Amino acid sequence: MGHVEIPETDISGPVGLRGAPRPRTAASRNRTAALEQLWRAPTAERDPAERAPARRKPGHHPSVGALTDLIGLAGPAWLLLHLGEQPRPWLAAAVAGAVWTGLRGARGRYADPVRGEPGGAFGALGDWLVLLGTLAVLHAAAGGSVDPAMAVAAVAPGLLVATAVEGLRRWPRTARRGRAVRRVLLVGEAAGLDRAAELLNSRTDHGYRLVAAIPVGPARPGYEGVQVPGRLASAPADDDVTTVLGGAYAHEADLVLVAPGPQLTGDRLRRLGWGLHDAGVALSVVSELSGVTAGRVRPVTAAGLTLLHIAPPLRGGPQGVLKAALDRSGALFGLLVLSPLLLAVALCVRFSSRGPVFHRQVRQGQHNRPFTMWKFRTMVADAEARKEQLTEDNEVDGPLFKMRRDPRVTPVGRTLRRTSIDELPQLFNVLLGQMSLVGPRPPLPEEASRYDEREHRRLAVKPGLTGLWQVSGRSDLSWQETVSLDLWYVDNWSVATDMGLLARTVRAVTDGRGAY
């Protein structure tokens with residue numbers, strides 16, 4: 001049995017489930033063994049009023065996803081090729097379906113979905129484009145006679161099916177079943193528990209719900225609001241597995257999340273994993289890494305060690321070229337399509353208040369290079385001169401200046417800000433290569449001059465017309481939340497992420513939350 005001394009109390013002795021002290025006797029060990037057997041026995045009788053412990057089986061089945069992709073692409077492909085009187089439609093459909101399923105499997109699409117990563121659902125589009133290239137190579141090598149246009153149309157339904165299935169897989173169970181995806185029991189030393197609990201409870205865009213925590217050692221967790229059903233001793237003990245399983249069953253946790261530390265060594269964690277896996281409870285280990293997407297992490301084993309290889313952030317390469325091309329073409333297309341709206345807004349600004357139509361302001365861009373940013377004017381002409389008078393009324397922390405009811409904003413300007421239409425002239429900045437469609441917001445020179453080393457990393461990429469800040473609450477976010485979102489984007493951006501953020505921007509603009 002494990003033994004731990006609890007400071008500032010008169011309790012000293014073996015501590016386990018519920019934190020109750022137990023005498024170190026043979027009888028107590030027998031009772032512990034009997035309790036453990038009761039938990040493990042599938043035929044154990046229970047009080048009908050007592051909630052049965054949850055031993056959920058994983059709801060994710062990779063074979064089902066692969067079969068769905070195979071049928072979803074091969075079935076419609078055969079039908080369309082058959083109706084189009086293409087030669088050997090069954091063979092072409094079978095090959096396309098096999099390549100599609102193999103490609104998706106090789107890229108990890110059938111693994112348990114990683115939640116809370118912007119743009120993840122757009123992976124199917126990238127897979128489909130790779131499929132087209134692969135089929136084109138096979139078609140040329142085999143000398144096929146299938147019409148290329150018909151072939152593209154035949155495999156298009158497969159993309160729709162994969163996108164729909166991906167959306168269903170990533171849809172939070174809170175919307176479907178009224179509960180979180182995973183009920184989590186935290187295990188670790190007090191400092192690790194506090195960090196993990198704070199991060200898990202600070203956001204809701206993930207599939208994990210913290211239900212309880214079991215600390216290791218005598219220190220007490222400082223995070224409030226987390227139930228503590230038991231405690232592990234500082235040193236490895238016989239009842240480690242019993243205590244953790246008891247806490248998991250008592251709170252219906254289907255995942256034990258361990259925060260390693262000096263008192264929770266690799267061998268102790270390994271033995272704990274044996275017991276949890278034998279009991280059908282999943283185990284995950286908290287990494288000290290933060291702000292790194294799963295796609296950048298590659299686990300490798302060497303000499304009995306588990307290594308995590310971290311891919312560097314994207315700064316160039318094919319995706320950088322594609323991002324630049326999408327920025328320029330998207331900005332040009334947007335200016336052409338929105339030109340009537342831009343003209344109407346310019347007239348409203350010009351005749352609603354005295355001053356110029358556009359507001360030009362120096363901002364700091366990539367690598368802290370200054371540039372002139374364009375916006376529709378939403379304030380009175382002498383807004384900058386009146387800013388010092390309102391410094392004490394600033395409603396946000398950090399170097400930013402924001403007021404929910406800024407008296408300098410004109411009536412037309414309030415509407416433009418709420419709809420973000422005042423930002424549209426920045427399409428010219430994107431066209432000139434000074435900004436990107438997606439990225440962190442460009443700071444003012446006086447704001448950038450107050451940046452520390454961590455905040456200065458926001459300037460490692462081009463600033464954007466929209467980004468995580470805009471789709472996550474805008475001005476309702478604190479400064480530190482804004483910096484954290486920007487740093488996540490700087491380190492983890494991809495073209496697929498940008499496409500996802502552009503799609504989410506439409507909803508954010510329609511909602512208007514945090515825009516002032």
Side-chain angles (χ1 to χ4, degrees), residues 117-119 122 291-293 295-296 311-335 338 358-376 398-400 420 422-472 474 477 479 481-506 508-509:
E117 296 181 9
F122 288 82
V292 179
T293 60
R296 292 178 54 205
L314 290 174
R315 290 293 182 266
Q319 290 217 47
V321 175
L322 181 57
K323 178 181 176 71
L326 290 175
D327 284 341
R328 301 290 180 91
S329 59
L332 181 60
F333 178 77
L335 289 172
L338 298 174
F358 296 104
H359 175 64
R360 293 177 296 175
Q361 196 173 48
V362 175
R363 297 289 183 112
Q364 301 302 114
Q366 187 178 20
H367 305 313
N368 208 20
R369 289 194 293 262
F371 71 98
T372 301
M373 189 183 76
W374 292 68
K375 296 176 63 174
F376 281 121
L400 292 177
S420 297
D422 63 315
E423 310 281 356
L424 291 180
Q426 292 164 36
L427 290 171
F428 287 106
N429 294 113
V430 177
L431 194 61
L432 294 173
Q434 299 165 334
M435 293 179 62
S436 174
L437 291 178
V438 182
R441 290 300 297 155
L444 293 167
E446 58 265 28
E447 294 172 0
S449 65
R450 296 166 57 187
Y451 280 1
D452 57 23
E453 181 181 3
R454 173 174 175 267
E455 295 164 344
H456 198 272
R457 188 169 174 79
R458 299 173 72 240
L459 304 177
V461 299
K462 287 184 180 180
L465 185 63
T466 185
L468 272 174
W469 175 80
Q470 179 144 356
V471 303
S472 302
R474 290 187 267 188
L477 299 175
W479 170 245
E481 289 172 332
T482 300
V483 172
S484 296
L485 290 173
D486 286 342
L487 292 183
W488 187 97
Y489 177 83
V490 168
D491 288 339
N492 301 288
W493 79 267
S494 66
V495 173
T497 300
D498 284 0
M499 298 298 291
L501 289 173
L502 287 172
R504 292 172 61 187
T505 298
V506 177
V509 170

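The structure displayed is predicted, hence computed values, not measured ones. Just so it is clear, the values below take in all heavy atoms, side chains as well, and ignore hydrogens, waters and symmetry mates.
Taking 4.5 Å as the limit, some side-chain heavy atom of Trp488 sits within range of a side-chain heavy atom of Thr497. Side-chain contact check for Glu423 versus Thr466: every heavy-atom pair is 4.5 Å or farther apart. The side-chain heavy atoms of Leu501 and Tyr489, taken from C-beta on, include a pair separated by under 4.5 Å. In this structure, Gln366 and Leu459 have side chains that are not in contact, with every pair of non-hydrogen atoms separated by 4.5 Å or more. Leu437 is not listed as a side-chain neighbour of Gln426, based on a closest heavy-atom distance of 4.5 Å or more.
Contact record, Arg457 with Leu487: CB-CD2, 3.8 Å, taken as the closest heavy-atom pair. Asn368 and Ala448 make their closest contact through OD1-CB, 4.0 Å (heavy atoms, listed as atom of the first residue, atom of the second, distance). Looking at every heavy atom in both residues, Arg328 comes nearest to Leu431 through CD-O, 3.3 Å. Pro313 approaches Asp491 most closely through the heavy-atom pair CB-O, 3.5 Å. Closest approach of Thr372 and Arg360 over heavy atoms only: CG2-CB, 3.8 Å.
Taken from CG in Leu424 to CG in Leu465, the straight-line distance is 7.0 Å, to the nearest 0.5 Å. Taken to the nearest 0.5 Å, the CZ atom of Arg363 stands 13.0 Å off from the CD atom of Gln434. Atom-to-atom distance recorded for Asn429:CG and Trp374:CH2 is 9.0 Å, nearest 0.5 angstrom. Considering CG of Leu444 and CZ of Arg450, their distance stands at 11.0 Å, rounded to 0.5 Å. Separation of atoms CG (Leu314) and NZ (Lys323) is listed at 10.0 Å; rounding is to 0.5 Å. To the nearest 0.5 Å, atom CG of residue Leu485 and atom CH2 of residue Trp469 are 11.0 Å apart.
Asn492 pairs by the side-chain hydrogen bond (donor to acceptor under 3.5 Å, both in side chains) definition with Thr293, Arg296, not counting sequence neighbours.
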Does Val461 form a side chain to side chain contact (heavy atoms under 4.5 Å, CB included) with Arg315? I'd like the steps, not just the answer. CA-CA 8 Å; Val461 299; Arg315 290 293 182 266; 4.1 Å; yes
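Formation of a donor-acceptor pair under 3.5 Å by the Lys375 side chain with backbone atoms of Gln361 is not found in this model. Side chain of Arg441 to backbone of Gly464: a donor-acceptor contact under 3.5 angstrom is found. Of the possible polar contacts, one joining the Gln319 side chain to the Val495 backbone as a donor-acceptor pair under 3.5 Å is found. Remark: side-chain polar atoms of Trp493 are not paired, donor with acceptor, to backbone N or O of Asp498 under 3.5 angstrom.
Between Phe358 and Phe376, the ring-plane angle classifies as parallel under the 30° and 60° cut-offs.
In Phe428, the CZ atom is not crowded: 12 or fewer heavy atoms of neighbouring residues, nucleotides or ligands sit closer than 6.0 Å.
Using a 3.5 Å distance cut-off with no hydrogens or angles, the side chains of Trp479 and Glu455 do pair a donor with an acceptor.
Across Pro463, Pro442, Pro440, a single residue satisfies side chain to side chain contact (heavy atoms under 4.5 Å, CB included) together with Arg458, and that is Pro440.
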